[in-house]
Amino acid sequence: MHHAFAAATVFLLFTVLSGAAAVAAPSPPAPPAASVAVHPDINRNVKASLAGHRHRPVCALALPGRASCNSVKDVDVSGPLATATTVPFGYAPTDLQAAYRLPAATAGTGMTVAVVDAYDDPTAEADLATYRAKYGLPPCTAASGCLAKVDQRGGTAYPAADAGWTEEISLDLDMVSAACPLCSILLVEADTDAVADLGAAVNTAVSKGAVAVSNSYGTASSSSDASFDSFYNHPGVAITASAGDSGYGAEYPAASAYVTAVGGTSLSRDGSARGWSESAWSGTGSGCSYGAAKPAWQSDAGCATRTVTDVSAVADLATGVAVYDTAGGWMVMGGTSASAPLIAAIYAMAGTPAAGSYPAQFPYAHSGQLNDVTTGSNGSCAAAYLCSGAAGYDGPTGLGTPSGVGAFAAPSATPSPSPSATPSPSPSATPSPSPTATPKPSPSPTPSPSPSPKPSPSPTPSPTPKPSPSPPPVHAITSAADTVYADSSGRLFDVPAPGGLKSGPARRIGTGFYSIRDLHVTDWNSDGILDLLVQWKSGRVSVYLGNSTGLGYGPVIATQGWQGVTLTVGTWSASARYPWLVGTNSAGGLYYWANRRGTTVDTAVRIGTGWTGLKITQLDFDADGRADLLVRRSSGAMLLYRGNGSGAIISETRRVIGTGWQGFDTLSPVPGFASPGSRGLIARNAATGTRYYYPVLTGRWGTRVTLAGQWKYLAIAD
């Protein structure tokens with residue numbers, strides 16, 4: 001399959017190219033020291049960096065009728081960072097988004113996740129701002145309406161502060177932000193850590209419109225559980241509760257039949273297709289509720305009552321997460337207080353639960369959309385699965401960990417049964433961005449005047465082939481000849497190309513695609529379904545993988561630091577299984593980044609210098625099976641730099657293959673646009689918005705064709 005490639009812009013002077021052997025070079029330079037955003041080293045080993053560190057619980061043990069927060073902190077890591085670009089210890093938001101395949105750039109807008117905690121955190125807003133700025137997440141402030149803080153009655157009579165619960169609040173707010181940067185957050189502060197006060201805060205969170213409520217605290221499950229159940233029985237709202245940090249044994253409210261009990265895992269990078277592995281964390285809670293009836297959707301035999309847990313996420317402090325709190329600075333924290341808000345945010349990303357539904361049921365209808373965790377243990381018990389990871393359901397990790405948000409969506413549009421009713425779920429597909437029929441915003445068929453001079457000898461079109469049939473419409477991007485673009489409202493569209501130089505009606509395939517520097521259509525994981533690589537203006541680079549329902553979140557190439565990098569995507573290595581990145585940085589170096597696993601990329605390899613002031617497009621112009629670079633100078637001249645198929649440029653006299661290209665801002669290779677097997681390039685004139693199709697014959701251009709439509713001001717994939 002051909003891949004779509006990128007044209008790009010770099011801004012300085014002359015061109016000198018080295019055709020010598022590749023020289024190892026570091027990844028693109030870090031942002032200037034004045035910047036607070038960081039570009040975490042994607043190859044860092046968090047588990048190794050935290051090995052041997054000492055840990056302690058954040059809150060005191062719970063007294064009868066009271067709860068303790070379920071968080072643990074690393075006592076060997078805390079304080080300010082050495083420089084503005086220092087990478088904090090612990091996992092960053094992009095690590096968590098990649099590990100759990102979360103659509104963080106597109107899902108969650110308009111959704112409110114509530115965090116319920118005890119006591120006041122007077123610096124909550126400032127601490128959250130520091131965390132989000134560090135990782136390039138959009139601001140979330142009270143002034144913007146993104147963040148709100150209320151007491152347990154919904155007012156502003158905040159309780160006294162408590163040092164331990166303040167750190168707990170920082171952890172909860174940061175984890176909601178990490179999973180769902182586009183969600184709004186409501187912090188509800190209970191007067192005390194009494195379960196009755198915390199429960200009253202849950203009622204307030206629901207009354208204020210939260211679609212998901214996170215509860216990162218617990219007390220031992222006991223005969224008093226039922227007296228508090230009314231606080232957590234809120235059909236139509238996802239209520240999550242952490243399972244505990246003391247190993248085998250059930251805690252309340254996780255033991256309530258009305259909540260999603262969230263266990264904990266150890267999370268590590270590995271060389272698998274997923275790129276991550278997980279095992280049950282030794283500290284996570286699990287077991288049988290003291291007296292809660294088993295929900296209708298649970299069928300395990302080890303507990304006659306409700307079994308803890310339902311799902312899980314990272315909680316092991318040895319694979320902990322980065323958190324910021326004014327008192328402690330940058331810390332590493334863990335515990336099921338980390339996993340509960342993560343899962344609450346993922347519920348919000350999956351959409352508003354149906355009225356009357358019990359979201360705790362949803363994962364049981366979608367267990368195939370979770371990562372099954374089969375190893376690890378949290379203690380000894382009579383039924384082994386209750387305290388050890390196992391295939392399928394187990395106590396410490398439940399059904400598993402998120403793989404996208406599909407497992408947290410309602411199985412149908414009708415209300416789910418109550419916990420004591422008989423469930424009848426029907427699995428549904430993951431609610432990642434899916435194709436919808438939406439008219440193209442710029443339908444005008446009148447072309448603007450063609451530019452002069454132009455590379456082709458004549459503007460007369462000569463296409464006559466029959467259109468080839470479109471692929472099944474379930475794929476977001478139907479072919480490499482499609483036009484994919486984002487409009488000024490952040491809506492992402494695909495315009496199918498059935499062949500015969502024609503384009504079908506635009507279909508909306510995503511939302512939230514603002515602040516885009518460049519888009520690139522490619523089959524990043526070589527599974528036969530086209531994907532989208534997005535380069536954001538913030539310097540973040542991420543992949544959205546195509547699947548049977550649309551586009552879902554995929555590998556994160558970089559979280560920050562690539563603002564000055566211009567990329568193309570294609571088969572730069574003729575023998576590679578996956579497409580590679582080729583591009584330039586702001587210093588004028590030409591690099592490639594090998595994609596050897598269909599996930600992240602290797603360290604940059606420099607293959608040229610002096611590439612400032614040039615624009616490049618990757619295309620096999622001479623049809624020899626090896627990708628070349630079409631290099632445009634500021635004068636409008638286009639030169640051919642032939643690739644050797646092994647990552648380098650052939651050393652030879654450069655051939656000029658066109659003039660008059662200075663007015664074009666996107667050049668998109670489009671295999672099959674004219675007819676099956678055809679090759680061509682679509683170029684947009686920046687001033688007029690008109691696009692032109694240039695057939696690519698063997699080492700030469702065919703006759704140029706003016707295409708219909710007005711394409712100005714759109715971010716078009718190239």
Side-chain angles (χ1 to χ4, degrees), residues 1-8 10 14-28 455 480 520 522-524 526 533 557 565-585 587-598 600-633 637-658 661 667-671 677 679-681 694 696-701 718:
M1 168 180 288
H2 275 274
H3 308 290
F5 311 106
V10 196
F14 67 102
T15 174
V16 178
L17 178 66
S18 168
V23 178
S27 294
H520 310 272
T522 180
D523 186 2
W524 186 253
S526 297
L533 188 145
I557 307 304
V565 179
T566 296
L567 294 175
T568 67
V569 189
T571 52
W572 186 242
S573 170
S575 62
R577 178 180 177 184
Y578 305 102
W580 289 13
L581 302 178
V582 177
T584 59
N585 66 5
L590 178 69
Y591 297 85
Y592 72 71
W593 292 264
N595 170 19
R596 303 187 190 279
R597 300 171 296 279
T600 55
V601 296
D602 292 352
T603 301
V605 175
R606 190 175 63 200
I607 55 174
T609 58
W611 284 69
T612 51
L614 302 178
K615 302 178 181 181
I616 60 177
T617 300
Q618 196 176 157
L619 174 71
D620 182 9
F621 188 75
D622 56 4
D624 65 352
R626 299 176 295 188
D628 309 314
L629 295 180
L630 310 188
V631 179
R632 290 174 288 151
R633 292 176 171 172
M638 180 181 287
L639 280 69
L640 176 64
Y641 286 75
R642 295 195 302 144
N644 67 0
S646 300
I649 302 288
I650 296 174
S651 180
E652 62 183 3
T653 302
R654 304 301 165 207
R655 175 186 164 197
V656 177
I657 58 173
W661 289 89
L667 271 68
S668 308
V670 282
R679 301 186 309 132
L681 193 74
Y694 294 88
V696 177
L697 308 178
T698 304
R700 62 185 178 88
W701 300 105
D718 50 14

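Numbering starts at 1 and runs along the sequence shown.
- Side-chain contact between Leu630 and Leu639 is absent, with no heavy atoms from C-beta onward closer than 4.5 Å.
- Remark: Arg626 pairs with Asp624 by the salt bridge (Lys or Arg N to Asp or Glu O under 4.0 Å) rule, at least two apart or across chains.
- Between Pro669 and Leu619, the shortest heavy-atom contact is CB-CD1, 3.9 Å.
- Residues Leu567 and Val582 have side chains not in contact (no heavy-atom distance under 4.5 Å, counting atoms from C-beta outward).
- Of all non-hydrogen atoms in Trp524 and Ile557, the two that sit nearest each other are CZ2-CD1, 3.7 Å.
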*Carefully, step by step, assess Tyr591 and Asn585 under the rule side chain to side chain contact (heavy atoms under 4.5 Å, CB included).*
CA-CA 8 Å; Tyr591 297 85; Asn585 66 5; 3.3 Å; yes
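- Take Arg596 and apply the side chain to side chain contact (heavy atoms under 4.5 Å, CB included) test, not counting sequence neighbours, and it matches Trp580, Ala594, Asp602.
- Side-chain contact check for His520 versus Leu581: every heavy-atom pair is 4.5 Å or farther apart.
- The side-chain heavy atoms of Thr566 and Lys615, taken from C-beta on, include no pair separated by under 4.5 Å.
- Residues Arg633 and Leu614 come closest through the heavy atom pair CG-CD2, 4.0 Å.
- Ring pair Trp661/Trp701 is tilted by interplanar angle, where 30° to 60° counts as tilted.
- Closest non-hydrogen pair, Ile616 versus Gly583, comes out as CD1-CA, 4.2 Å.
- Asn644 pairs by the side chain to side chain contact (heavy atoms under 4.5 Å, CB included) definition with Ser646, Ala648, Ile650, not counting sequence neighbours.
- When side chains are defined from C-beta on, Tyr641 does not count as touching Asp628, because their heavy atoms never get closer than 4.5 Å.
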